[in-house]
Amino acid sequence: MIKNQKEYTRVAKNLKEMEALILQNRELLKRVGLSGDEIDKAVDATEETASHLLYTVEKYERTIK
């Protein structure tokens, strides 16, 4: 749960970095020859974390409007 603007800024930054990392990892795993299913499994935990961060960011944004 985000409690203030400072936390919001930090979490939003972490989310953007994580999204970029997911894309980089997908590309790398594709280049080394993994199948789509293998890539999905490999990045699943990171995507779940990103999804949770996105939910948290959006919830905070709705509360400050």
Could you grab the distance from atom [atom1] of [X] to atom [atom2] of [Y], nearest 0.5 Å is fine?
X: Arg10; Y: Asn4; atom1: CZ; atom2: CG; value: 9.0 Å
X: Glu48; Y: Leu53; atom1: CD; atom2: CG; value: 12.0 Å
X: Glu7; Y: Thr56; atom1: CD; atom2: OG1; value: 10.5 Å

Test of understanding: clusters of I, L, V, M, F, W, Y form through side-chain heavy atoms closer than 4.5 Å, transitively. Do Ile64 and Leu15 belong to the same one?
yes
TODO: Consider only side-chain heavy atoms of I, L, V, M, F, W and Y, link residues closer than 4.5 Å, and tell whether Leu29 and Met18 are in one cluster.
DONE: no
Open item on the list: Quick test of your reading of the model: are Lys13 and Glu17 salt-bridged, counting only N-O distances below 4.0 Å?
Closed with: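 A salt bridge is present here (some side-chain N lies under 4.0 Å from a carboxylate O).
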- [ ] Any ring-ring contact (aromatic ring centres under 6.0 Å, His included) involving residues 3-22? Give me the pairs, sequence neighbours left out, ordered by first then second residue.
- [x]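 Non-adjacent pairs meeting ring-ring contact (aromatic ring centres under 6.0 Å, His included): Tyr8-Tyr60.
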Scanning both residues in full, the closest heavy-atom pair of Ile22 with Ala50 reads CD1-CB, 4.0 Å
Check: Between Leu23 and Asn25, is any pair of side-chain heavy atoms under 4.5 Å apart?
Finding: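 Of all side-chain heavy-atom pairs linking Asn25 with Leu23, none is under 4.5 Å.
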Compile the donor-acceptor pairs under 3.5 Å between side chains in residues 35-46 and protein atoms, sequence neighbours left out, one pair per line.
{"residue": "Ser35", "atom": "OG", "partner": "Glu38", "partner atom": "N", "Å": "3.2"}
{"residue": "Ser35", "atom": "OG", "partner": "Glu38", "partner atom": "OE1", "Å": "3.3"}
{"residue": "Glu38", "atom": "OE1", "partner": "Ser35", "partner atom": "N", "Å": "2.7"}
{"residue": "Asp40", "atom": "OD1", "partner": "Arg26", "partner atom": "NH1", "Å": "3.1"}
{"residue": "Asp40", "atom": "OD1", "partner": "Arg26", "partner atom": "NH2", "Å": "2.9"}

Does Ser51 use its side chain to pair, donor to acceptor, with the backbone of Glu47 at less than 3.5 Å?
no
